[in-house]
Each structure stands twice: as structure tokens, then as C-alpha cells.
Number of protein chains: 2
Amino acid sequence: MSENKTEIELLRKILGSAGMKPEAFDLSLPYWKLKQYKKGEFYNEYKNVCKHLGFVINGVFRIYRVNNDTGEEKNMLFFTDHQFVASYKSFLAQTACEYYTEAMVDSLILYIHIDHLNELYGQSHQWERFGRIVAETAFHEVMVNTEGFLFKTPEDRYREMMEKHPNIFNAVPLYHIASYLGIQGPSLSRIRKRMVGR
Amino acid sequence: MSENKTEIELLRKILGSAGMKPEAFDLSLPYWKLKQYKKGEFYNEYKNVCKHLGFVINGVFRIYRVNNDTGEEKNMLFFTDHQFVASYKSFLAQTACEYYTEAMVDSLILYIHIDHLNELYGQSHQWERFGRIVAETAFHEVMVNTEGFLFKTPEDRYREMMEKHPNIFNAVPLYHIASYLGIQGPSLSRIRKRMVGR
DNA sequence: GGATAAGTTTAACCCAGGTTAAAATCGAAA
DNA sequence: TTTCGATTTTAACCTGGGTTAAACTTATCC
């Protein structure tokens, strides 16, 4: 287990700052596993049921969907350092996953199996709270995203992406950004051109 | 308290089917309050901090945002029977609300103050679980919404709205539906016209 | 360093939704 | 019923993103 030490302690610290007591955290020690992903490897595959909740030590992942007819890919979300990663809809409902989750750069993840997590939920009030906070955070993330689509232009969303998530912005090609913003490559080019003009 | 009896028992039954034990539920009995909303009344106002989690006994609410410059309204979500209602982002973070939440028809709500809810979270593992499930449900709701914007046309979203939420569809004017779908009134008219044509 | 692949931009054309205002329809209330 | 206001549709014009394919730029690798 000694090779997980640093990463586990990072997670302990982050959960601790969200209110988790060390003793409660210790309950989970046997369950966390560390995995290295090479760029291009998948955290979760289409049609699998997502069985693990991951915690990104470092790296960038994209969660995307493929149109069965056209083969076209569309990015739903990105995950990066110190975020929890899962195909969360599939994970919560334990239904077949509609997404792929792919490492965009070499990445490192601590992950836990849902059965162990449910065990912790049952054993410990603190872990139940952890589950609540992960869910609330995921909600917030997606909510902000939806608000973007409703209330903002693609140009606004592009600018925000650049400002608020520079590490993601720099790690992935522009056509993935375009997809995430809900537009096509050429449209993003036009937006970028418009922006330098002013 | 006797006038809340029926509504409380409905809530007990619904939470029970999500796994809440009656004894745990009983802890909350002193806290739920019942409120009748007339059509047009507000559950939550812009710039308030949302302090209550509501449970819709019956009725329809819309949560919407107003553009400060143009005064234009855009609908974010609808809530109806047996759903939990809150300006959830504001509720979770206890920050000033960016939305209005308005009753679209005469409605009845059971609500609980966040302080009492936090008390229950602290007292009871079961209630902590309740909080997790509410958050997970809210996540799922918003996620499906975002997926709609990314992967579906306004026409698809309109058709789904009609099929899956007929009670909402029938309770609110079309221009509110249009707003929820992210389009303008005339566009919805064009879509409807296209649809009868085929 | 030149070849090859990957990523980005450009151009030309198309189309759906935005915008505005007027017309038509519906509904409640007198 | 007639009328007034609210809602929905229509019309005309505009705009920005979609689509496709080619051109250009940047990495990467032998």
C-alpha cells in the first residue's frame, strides 16, 4: 500500500477540509486503488455500468457521447485535478452508460468501487455526508453548464472556459472545446477571429 | 397540526419508499409547514437567499431568470407534483438567488427550513441519506436537461416535453414552454406548424 | 529537414432560429 | 354576445452557426 500514500493523504486532506474526520476517512483506506491512465485510455466505456467513483490526482478527462448514425462525437464535460470523476448518471442509477470517459493526457486517479462506497454509506454518517456533497457538487457543475447554454452565447462560454479552466483549455485541442461549447470547429474559428478583431 | 396530516403522510410514504424509516421521519414532524400558493405568487425571490426546501403536494412552479438589460425572462426549470422545489443552487450554497420561483397555478407545498434540515442531517444518518438522494435527483434532472441542449433539436425537446410532462405542458402558456426550450415564441410556432405538416 | 499526420482556418452556401410588428385567435368577463 | 386583453401565429428580413471541402499551419517522427 505504500505506493498510494501520497495520493491518499492528498484525498484525506481535501475531504478533511470538507468536514470529514480522519477516523471516518480511515474506514475507506482498504478500498481506494490507484490507477495510471495513458493519454487515450478509457476510464469508462459506453454500455458498461459505471462501477467506480474516481478522484483525479492529476490529469484531464473528457466525457463524451457518440452519435450512432453519424459517428460524430460530442463532449459533455471535462474533469481535472481534484475533481471526482464518474459517468455519474450511470454510476448513480447503475444503468448502462451512454458515454465514454477518456484520458486527454496521462493521468492519475484514485478510485473506489460503488459496493465499497455503499458499504461506507451504511457504516458511517460521515460518508453518507460525503455522498451528499459529491452529488451536490456534481449538481452545481451541471447546473452552471445548463445556465451557460440558456443564458450565454458561445463566445461568452468560450471566454469563460479559457479564463476559468486554463489547464483544460491548454490540454485539449480546440475542436474538443468547440464540441463542449455545443458548436462546430469552423464556428469556433469564426468566434476566435471576431475576438482578435476587437 | 391536524390540518397537515394528509400531506405529511403523503410525504412519509414517498420518503419511505426511498428507504426512510418512519422513526427517522418522525424527527422531522415539528418542522414541516404547509403553504398554499395562489397562481402568480412567489416561492422564492431574486436576490433572496433560498432558505427552504419545498415538497410540491400539487401545483406547478417555474424557476426563471430576468435579463437586467432587456427585462426578458427565461425559464430554467418547472416543478410539479411530488417533486422537491428550491432555488437549489442558492439553497445549497446559501448565496443570493439569481432566480424567481413562481406558482403557475394554485399550488400546495410542504416546506422545511434549511436550519432544521441541517439539524436533521446532523442527528440522523437517514436524513443525511435523504439529502444525498435529493441532490442526486436534482443532478439527474439538470443533467437530462443539459443533454437535451447538447444532443437534441428544439423540436425533439418540444415533443418530449409534451409527452413526458403533460400536466406542466397543459398548465402553462406556450411562450413559457418556448422559453424553457431555449427558443423564442415565433420559433415554437414554426416548429408546431412543421409538426402538423408531417 | 522533409514527409506525414493532426489540428486549425477559410470560403461558399444553406438553413433554422432571432427579431419585430402586425394579424389572427382565444378567453374571460361585462 | 361583445369587448378587451392575453396568447399564438404569421410575415419579412436578418444573423450566426452548420456543412463541406480545400487550404493552411503545426507537430511529430523517421
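The shown structure was predicted, so the numbers you read here are calculated from the model rather than taken from an experiment. Numbered from 1 within each chain, the chains take letters A, B, ... in sequence-line order.
Ile183(A) has its CD1 atom 12 Å from the P atom of dT19(D), to the nearest Å. Computed from coordinates, the Lys193(A) NZ to dG16(D) C1' distance equals 15 Å when rounded to whole Å. Atom CG in Leu174(A) sits roughly 13 Å away from atom C1' in dT25(D) (whole-Å rounding). Computed from coordinates, the Ile191(B) CD1 to dC15(C) C1' distance equals 13 Å when rounded to whole Å. Look at CZ on Phe149(B): it is 13 Å from P on dG17(C), rounded to the nearest Å. Atom CZ in Arg157(A) sits about 15 Å away from atom P in dG16(D), given to the nearest Å. Rounded to an integer number of Å, the gap from His176(A) NE2 to dA6(C) C1' is 11 Å. When rounded to the nearest whole Å, the span between OH of Tyr175(B) and C1' of dA6(D) equals 7 Å.
An OP1 or OP2 oxygen of dT9(C) is reached within less than 4.0 angstrom by a side-chain nitrogen or oxygen of Ser189(A). Between dT19(C) and Gln184(B), a contact under 4.0 Å exists linking OP1 or OP2 to a side-chain N or O.
With the nearest nucleotide of DNA chain D identified for both Arg190(B) and Pro173(B), Pro173(B) has the one nearer the 5' end.
Aromatic ring centroids of Tyr99(B) and Tyr64(B) lie 6.0 Å or more apart.
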- Glu128(A)/Arg132(A) under salt bridge (Lys or Arg N to Asp or Glu O under 4.0 Å): CA gap, chis, key distance, verdict: CA-CA 6 Å; Glu128(A) 192 75 71; Arg132(A) 171 165 67 87; over 6 Å; no
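With hydrogens and angles ignored, no donor-acceptor pair under 3.5 angstrom links the side chain of Arg194(A) to the base of dG16(D).
Side chain to side chain, Tyr180(A) and Asn145(A) meet the donor-acceptor criterion of an N or O pair below 3.5 Å.
Looking at heavy-atom distances under 4.0 Å, Pro154(B) makes contact with sugar-phosphate atoms alone, never a base.
Both Tyr37(B) and Phe84(B) belong to a common hydrophobic cluster when Ile, Leu, Val, Met, Phe, Trp and Tyr are linked at side-chain heavy-atom distances under 4.5 angstrom.
Checking dG17(C), dT20(C), dT19(D) against every side-chain atom of Ser187(B), the shortest atom distance belongs to dG17(C). Considering only the side chain of Arg192(A), dT8(C) comes nearest among dT8(C), dG17(D), dT9(D).
Taking the six-membered ring for Trp and thresholds of 30 and 60 degrees, Tyr88(B) and Phe91(B) have nearly parallel ring planes, at less than 30 degrees apart.
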